[in-house]
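Here's the structure we're looking at; comments come further down.
Each chain gets a letter, A, B and so on, in the order its sequence line appears, and its residues count up from 1.
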Protein chains: 2
Amino acid sequence: MKTLSIKDIAVEAGVSITTVSFIINGKARNKSISEAVIKKVEKIIAESGYKPNQIARSLRTGNSNIIGLIIEDISNSFFSRIARLIEDKAYKKGYKIIYSSTENNVEKAKELINMFKSRKVDGYIISPIKGLEEDIQQLLTDQKPVILFDRSLPGLDTNYVGADHFKATYESIASFIKQGRRRISLITTDIDVAQITARLEGYQKALEDHDIAYDENLVLKVHFNQEEDETRLQMEKLFRTVETDAILFATNYLAISGLKVLKQTGQKIGKNLSVMAYDDHEVFELHTPGISAIQQPLEEIAEAIIQLILRQLSSKTKLDNQQIIFPAKIVQR
Amino acid sequence: MKTLSIKDIAVEAGVSITTVSFIINGKARNKSISEAVIKKVEKIIAESGYKPNQIARSLRTGNSNIIGLIIEDISNSFFSRIARLIEDKAYKKGYKIIYSSTENNVEKAKELINMFKSRKVDGYIISPIKGLEEDIQQLLTDQKPVILFDRSLPGLDTNYVGADHFKATYESIASFIKQGRRRISLITTDIDVAQITARLEGYQKALEDHDIAYDENLVLKVHFNQEEDETRLQMEKLFRTVETDAILFATNYLAISGLKVLKQTGQKIGKNLSVMAYDDHEVFELHTPGISAIQQPLEEIAEAIIQLILRQLSSKTKLDNQQIIFPAKIVQR
DNA sequence: ATTGAGTAGTAAAACGTTTTACTTATTTAT
DNA sequence: ATAAATAAGTAAAACGTTTTACTACTCAAT
């Protein structure tokens, strides 16, 4: 069974291809096609189940109704939840999402951008990594809508949606100090993106403001792409050799690894040790005792991203870039 | 800056479009293009950074190098992990993935299939739901490669990759019984797909084989799309009104909800109550006490799916359908 | 000298749309 | 009665590829 084309519909209705196209695209009224013809063609389309070939359409119009989503790792719950929300909202507006994970690999990320380009995606939603500056700048130069989220890249003037990582970290450290903690450890990663450095800065500033000296032995920067076993070894060593009474984990997967280490070494969270995680996770809610966490407002972030990109997509002219920063919320458990 | 087309390359090299096309597609040697010309054109392509327009290519060839992935919910860790693995493997073979979540909504799923059709995806990987039989049959009739996974639909002769849900459930119940449990509860969902009914059957058969009467008060079928609060209420009522000494949760998100209820009502897991979850999750590993779980071999499943679909894609003729069933593993914690 | 077989390459159709510029008939305004 | 405007619709170009069928030439064999 050959799939139907617009020509088949035109022949069946005894009108030209042009007429059918106008009707499909809702331009019939402007183009003065009679009601009678419109009705007839619409009926035939409905009965035949004809669906326009999106590929041909894209080739002609130059847009695809596809938005490219580039994230670090879809199996990370922060990203999969955001992805789900974005997909949902985009879908309602007639856009589809193609996503891909970069695994923080610059080469892969570049290839992805190229692939999306050659697929003519209409816009890009990117959780960027260092090394992508030029490629993203190129997209901007080509007038493509680009929204960065979660992290931004210094020196790049783009739309950005994220949470106030600095403030959230600052406050979480301040809350530790209020509980009487003084030897506060930060476990973070070595990826050099704004969102991660902001977390370090928030940590440092909070200590400084409370007259606690910064001790670099308390800070562990885990290499991003290493095996979890290696990470756990490093943490275990830290916990064993350095005295701490509170730990802030800068990402949820680090916190999960850390909790595994604490469980294994038998160190109890509570009277002598407080723990907080950046980005909430079901693990933290169910853990005994509950683990406090910094919650980013996922729903709001996804909504802002999609609003921003749709606004761009439907505007003929280049709009001013916007930076939207949401406060993050500390959930004490 | 206009994007380059094959024509620009042809002009620059002083050859025809045809010649460039042959070179791009590695057909130059067959088609007797001289080494000198090949080298020259390749050089120009490399220097200009020209990338063929995939849309035009798809329109002409009828395939897109895109595989459509339809799952229940990308924010469910089982699916997001599978998706990540599939994406990874597909990427290495030059295929991209477009995914979408059905949320167990038949209408949405049908629309998705249509959208994928009109985008001319080369193949479909689907975690199906009841009500999709006809649409999937249509894909098969159209000779499109289709792989179902996680669940299958009765009456549909397709490729299928999944785990042996019946056996895994049977064994988990048997292990409860061996521990001396007799009042074993099953908490499952009401979606009517093979993988869920198999879990119920495994439960029933295990009881029967151990001479324990089936008691329907011990079985809770939660409505799929309901709010988590409602689910928790139902569970709480069950735990309050029915005496149980073991619970098998048929999905990991149900188990997570269940653990929250147990935590809130203060019921302890251990001497008087055993718990097991279908599909592992980090929550279960870190929970105190650890929660036993049935692990599906995600890596193998993803690998089998991708093997199967690539095999189809590269074969001219329709291959025999295969059903690949992996054993699931019980992790006692 | 003619035929046949290779070598090196190209012109043009086709994929299925959208859109511009056009035609023809009818109505309205003068 | 005629010019201008409107209504109803269409032909054909264009988007950027791939692929089929072709040309033009050279060389070897008869």
OP1 or OP2 of [N] less than 4.0 angstrom from a side-chain nitrogen or oxygen of [X], does that happen here?
{"X": "A:Lys27", "N": "C:dT19", "result": "yes"}
{"X": "B:Ser21", "N": "D:dT17", "result": "no"}
{"X": "B:Tyr50", "N": "D:dT17", "result": "yes"}
{"X": "A:Asn25", "N": "C:dT18", "result": "yes"}

**Message:** Using the side-chain contact (heavy atoms from CB on, under 4.5 Å) definition, which of the options A:Val15, A:Thr19, A:Thr18 pairs with A:Ile33?
**Reply:** A:Thr19
**Working for side chain to side chain donor-acceptor pair (under 3.5 Å), residues A:Glu133 and A:Gln137** = CA-CA 6 Å; A:Glu133 291 84 350; A:Gln137 186 55 58; over 6 Å; no
**Message:** I'd like to know if B:Lys89 and B:Glu299 make a salt bridge, using a cut-off of under 4.0 Å between side-chain N and carboxylate O.
**Reply:** yes
**Complete:** Whole-Å distance, A:Lys7 NZ to C:dC15 P, equals 8 Å
**Asked** Roughly, in whole Å, what's the span from CG in B:Leu59 to P in C:dG16?
**Response** 7 Å
Sub-3.5 Å pairs of nitrogen or oxygen atoms, protein against nucleotides 8-10 of chain C:
| unit_1 | atom_1 | unit_2 | atom_2 | d |
| --- | --- | --- | --- | --- |
| C:dA8 | N7 | B:Ser32 | OG | 3.0 |
| C:dG9 | OP2 | B:Ser34 | N | 2.7 |
| C:dG9 | OP2 | B:Ser34 | OG | 3.1 |
| C:dT10 | OP2 | B:Ser16 | N | 2.9 |
| C:dT10 | OP2 | B:Ser16 | OG | 3.0 |
| C:dT10 | OP2 | B:Thr19 | OG1 | 2.5 |

**Request:** Before giving the answer on side chain to side chain donor-acceptor pair (under 3.5 Å), spell out for B:Tyr99 and B:Glu87 the whole-Å C-alpha distance, their side-chain angles and the decisive distance to 0.1 Å.
**Result:** CA-CA 10 Å; B:Tyr99 80 92; B:Glu87 190 222 321; over 6 Å; no
**Check: B:Arg60 side chain, D:dT18 base, donor-acceptor under 3.5 Å** = yes
**Request:** Answer yes or no for B:Lys144 and B:Phe116: cation-pi contact, defined as NZ/CZ to six-membered ring centre under 6.0 Å and angle to ring axis within 45°.
**Result:** no
**Prompt:** What do the steps show when you test B:Ser64 against B:Asp122 for side chain to side chain donor-acceptor pair (under 3.5 Å), and what is the final call?
**Reply:** CA-CA 6 Å; B:Ser64 58; B:Asp122 293 349; 3.3 Å; yes
